[in-house]
Amino acid sequence: QVQLVESGGGLVQPGGSLRLSCAASGRTFSTLPMAWFRQAPGKEREFVAFINWNGGSTYYEDSVKGRFTVSRDNALNTGYLQMNSLKPADTAVYYCACATTHPYYSGSYVPAEQHEYNTWGQGTQVTVSS
């Protein structure tokens, strides 16, 4: 069983950077696809970024392309979301998620829907404001 814990959120000025971490417990994390989602106040939770089990494939939501970078270190059982050039519109609670039902997934389809992930962290707040 995998458990996820996010950290690294906080208050940052527009144009600033933050790096979120997603620490996983359980031996199987290194075999699992992982994604980041976010939920702004009053809005639906939305997909942000995806990384496959070995880091060889990544995918981003259009509004964060070129600003955010998803990565993972399977030796440390940790995933990351580097966020640069932050905007007030990026303010949200950020969640990492894994799909334990699809180990070693490396297909061309990118799972970007919430229901495709069955393991979630508790979230970390990111606030972009001057």
Side-chain angles (χ1 to χ4, degrees):
Q1 185 173 351
V2 175
Q3 293 183 320
L4 305 175
V5 178
E6 301 95 336
S7 62
L11 173 64
V12 63
Q13 293 187 339
S17 297
L18 282 175
R19 187 176 81 157
L20 305 184
S21 297
C22 176
S25 63
R27 300 178 187 176
T28 60
F29 173 78
S30 62
T31 69
L32 303 176
M34 193 189 86
W36 289 90
F37 288 76
R38 66 185 179 185
Q39 187 167 19
K43 294 189 176 181
E44 297 282 323
R45 191 173 299 188
E46 66 175 3
F47 169 81
V48 175
F50 165 85
I51 185 166
N52 76 334
W53 67 277
N54 64 359
S57 177
T58 58
Y59 183 83
Y60 299 91
E61 190 268 330
D62 284 347
S63 70
V64 308
K65 283 180 183 176
R67 300 189 298 123
F68 290 13
T69 303
V70 60
S71 63
R72 65 192 298 162
D73 186 335
N74 284 340
L76 297 179
N77 264 13
T78 303
Y80 304 98
L81 185 67
Q82 176 67 44
M83 306 186 296
N84 299 328
S85 302
L86 283 161
K87 306 174 181 180
D90 296 316
T91 295
V93 178
Y94 284 71
Y95 300 87
C96 62
C98 285
T100 64
T101 52
H102 291 80
Y104 299 111
Y105 176 77
S106 60
S108 59
Y109 171 75
V110 175
E113 302 293 332
Q114 293 183 60
H115 67 84
E116 295 175 304
Y117 297 88
N118 62 348
T119 301
W120 293 81
Q122 83 289 349
T124 185
Q125 176 71 48
V126 171
T127 302
V128 185
S129 175
S130 55

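In this chain, numbering begins with 1 at the start of the sequence shown.
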So which atom in Ser17 and which in Asn84 form the shortest heavy-atom distance, rounded to 0.1 Å?
OG-OD1, 2.9 Å

Is Trp36 linked to Val128 within one hydrophobic cluster, defined over Ile, Leu, Val, Met, Phe, Trp and Tyr using a side-chain heavy-atom separation of less than 4.5 Å?
yes

OG1 of Thr119 to CE of Met34: how many Å apart, nearest 0.5 Å?
12.5 Å

Checking side-chain contact (heavy atoms from CB on, under 4.5 Å) for the pair Val70/Phe50: CA distance, chi angles, key distance, verdict?
CA-CA 7 Å; Val70 60; Phe50 165 85; over 6 Å; no

Taking atom NZ as the centre, does Lys43 end up with more than 12 heavy-atom neighbours from other residues, nucleotides or ligands that are less than 6.0 angstrom away?
no

Quick one: does any side-chain atom of Thr31 pair with a main-chain N or O of Pro103 as donor and acceptor, under 3.5 Å?
no

Consider only side-chain heavy atoms of I, L, V, M, F, W and Y, link residues closer than 4.5 Å, and tell whether Val64 and Phe47 are in one cluster.
no

I want to check something: taking the side chain as every heavy atom from C-beta on, are Gln13 and Leu86 in contact at a cut-off of under 4.5 Å?
no

Student check: side-chain heavy atoms of Leu20 and Met83 closer than 4.5 Å
yes

Test your reading of the model: is there a side-chain donor-acceptor pair from Asn52 to the backbone of Ser57, 3.5 Å cut-off?
yes

For Gln122, look at atom CD and say whether over 12 heavy atoms of other residues, nucleotides or ligands are found less than 6.0 Å away.
yes

On a heavy-atom basis, the closest approach of Ala24 and Leu4 is CB-CD2, 3.6 Å

Main-chain N/O of Gly26 paired with Asn77 side-chain donor or acceptor, under 3.5 Å
yes

Which heavy-atom pair separates Thr100 from Asn118 by the least distance, and what is that distance?
OG1-ND2, 2.6 Å

Quick one: SG on Cys22 to CD1 on Ile51, what's the gap to the nearest 0.5 Å?
11.0 Å

Considering all heavy atoms of both residues, which atom of Cys98 and which atom of Leu32 are nearest to each other, and what is their separation?
CB-CD1, 4.2 Å

If you look at every heavy atom in Val93 and Gly123, which pair is closest and at what distance?
CG1-CA, 3.8 Å

Looking at Ala40 and Ala92, what are the two nearest heavy atoms and their distance?
N-CB, 3.8 Å

Roughly how far, to the nearest 0.5 Å, is the CD atom of Gln125 from the OG1 atom of Thr91?
7.5 Å

Answer yes or no: is there a side-chain heavy-atom contact under 4.5 Å between Arg38 and Glu61?
yes

Row check, Tyr60 ring normal vs Arg67 NZ/CZ: under 6.0 Å, within 45°
no

Connected via hydrophobic side-chain network under 4.5 Å: Val48 and Val12:
yes

Among residues two or more places apart or on two chains, list those pairs meeting ring pair (Phe, Tyr, Trp, His ring centres under 6.0 Å) that have a residue in residues 95-130.
Phe37-Tyr117, Phe37-Trp120, Trp53-Tyr104

Just how far is it from atom OH of Tyr80 to atom SG of Cys96, taken to the nearest 0.5 Å?
12.0 Å

Using a strict cut-off of less than 4.0 Å between a Lys/Arg side-chain nitrogen and an Asp/Glu carboxylate oxygen, indicate whether Lys87 and Asp90 qualify as a salt bridge.
no

Rounded distance [0.5 Å steps], CG in Asn54 versus OG in Ser106
7.5 Å

